Amino acid sequence: MTNEAIPDLMAFDDAGLDEAFGGLERRARVEATFISNVADVEKFRLEWLGRKQGRLNEVSSRWLKAAPPEAKKALGLRFNALKEFVEGLLDAALGGGPSDSALKAEAIDITLPGSRRLTGAEHPITRTMNEIVAVFAALGYSVGVGPEVETDFYNFESMNFPHGHPARDTQDTLVVAGQERRPVRDRLLLRTHTSPVQMRTMELVPPPVRIVIPGKVHRNDAADATHSPIFHQVEGLCVDHNIAFSDLKGTLDHAMKALFGSAVKTRFFPSFFPFTEPSADVQISCIFCGGKGCRKCKQSGWIELLGCGMVDPAVFAFAAEKQPAYDARQISGFAFGMGVERIAMMKYGISEIGQFFAGDMRFLGQFA
Ligand code: DAH
């Protein structure tokens with residue numbers, strides 16, 4: 001590349017201008033083909049666009065200033081076109097990237113770090129509920145659900161809680177207002193347990209049945225560290241010929257080992273539920289001290305975890321009104337119900353049940 005001087009311009013008519021600017025354009029294009037490294041780029045830039053000695057500067061001072069007034073506009077247009085052409089060659093030499101002004105015009109600054117997308121995670125209650133359900137699904141149980149707003153009939157009557165029976169008082173119930181004109185059995189309430197779905201299931205399908213029912217329940221309980229007016233249960237029901245208490249024991253012993261580890265032991269204590277006879281409370285050996293006795297198990301070595309029992313014939317009698325195959329002389333079954341929060345609190349070492357429902361990301365984020 002040689003820095004030849006810009007000749008004086010002789011003719012200011014269109015043909016003269018075309019020839020003069022065309023010549024410069026060709027020269028710039030040829031010179032650009034010799035650019036092979038960064039130093040060449042800078043040299044090309046200085047030669048053409050340099051503020052003091054650049055050719056365009058020279059064109060401007062020699063041609064533009066010398067032009068008669070009537071030729072100035074045509075000359076200016078050509079000058080700008082040449083400048084853009086040279087800048088284009090420079091951009092191309094720089095790797096074809098966009099010019100500074102083109103970058104500014106873009107609203108997105110591609111050099112900023114990306115914005116992180118929060119994908120979310122399962123709530124610890126959902127996760128625990130799914131874990132429990134998975135244990136029984138692996139035993140061949142299907143999964144069912146039922147309504148949270150339930151009738152008195154399904155929540156209580158069909159589960160063998162007669163009207164006025166003191167067992168109803170153990171489940172302090174939230175009722176839907178303005179139901180007084182309806183028959184008691186049709187009055188709506190917030191279900192206090194998932195047990196009514198046992199009846200809904202049996203009315204729909206004849207035996208044999210093996211089903212688990214996860215869901216939300218409500219009780220008018222004052223909130224404290226271990227009580228919440230909203231909580232969750234997983235209900236279980238198994239009905240077939242010759243189902244015995246030993247089947248119940250084996251099933252729940254397996255489930256507790258699957259949930260808490262194979263070292264866990266279970267024991268069954270006599271209890272009472274209107275819908276099972278006999279009824280039992282299941283205790284597991286304390287997972288914190290291994291059964292030696294600690295503060296968590298009140299030094300007993302055992303922790304009470306769920307209720308269960310053999311389905312009461314009175315419950316089968318209600319089911320038989322829709323499905324006669326639920327004949328207590330022909331079939332038998334067991335049921336169980338467990339509190340999900342209680343299990344989650346033990347599994348994850350949580351001491352306040354309210355944490356599950358407070359929506360505090362510092363708490364929930366630990367399960368992501
Ligand atoms: N429904 C009972 C409750 O909420 C729990 C329960 C106990 C369910 C024994 C059962 C059962 O199916 O057999 O307290």
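Residue numbers start at 1 and run along the sequence shown. Every number for a ligand or one of its atoms is a count from 1 in the order of the listing. Just so it is clear, the model here is predicted, and its values are computed rather than measured.
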Decide yes or no on side chain to side chain contact (heavy atoms under 4.5 Å, CB included) for T128 and T126, but give the supporting numbers first. CA-CA 6 Å; T128 306; T126 309; over 6 Å; no
So, taking the atom named CZ in F136 and the one named SG in C238, what distance separates them when rounded to the nearest 0.5 Å? 10.5 Å
Could you go through R45 and E42, starting from their C-alpha distance and side-chain angles, then the distance that decides it, and tell me whether this counts as side chain to side chain contact (heavy atoms under 4.5 Å, CB included)? CA-CA 5 Å; R45 193 187 66 76; E42 182 57 11; 2.9 Å; yes
Sub-3.5 Å pairs, protein N or O with ligand 1 N or O:
residue, atom, partner, partner atom, Å
ligand 1, 1 (N), H193, ND1, 2.9
ligand 1, 1 (N), S195, OG, 3.0
ligand 1, 4 (O), R219, NH2, 2.8
ligand 1, 4 (O), Q233, NE2, 2.9
ligand 1, 12 (O), Q198, NE2, 3.1
ligand 1, 12 (O), E235, OE2, 2.6
ligand 1, 12 (O), F336, N, 3.3
ligand 1, 12 (O), F336, O, 3.2
ligand 1, 13 (O), A335, O, 3.2

Using a 3.5 Å distance criterion without hydrogens, assess whether the side chain of T173 forms a donor-acceptor pair with backbone atoms of V175. no
Cationic tip of R200 within the cone over Y154's six-membered ring, i.e. under 6.0 Å and within 45° of the normal? yes
Looking only at heavy atoms, the pair that brings W63 and D8 closest together is NE1-C, 4.2 Å
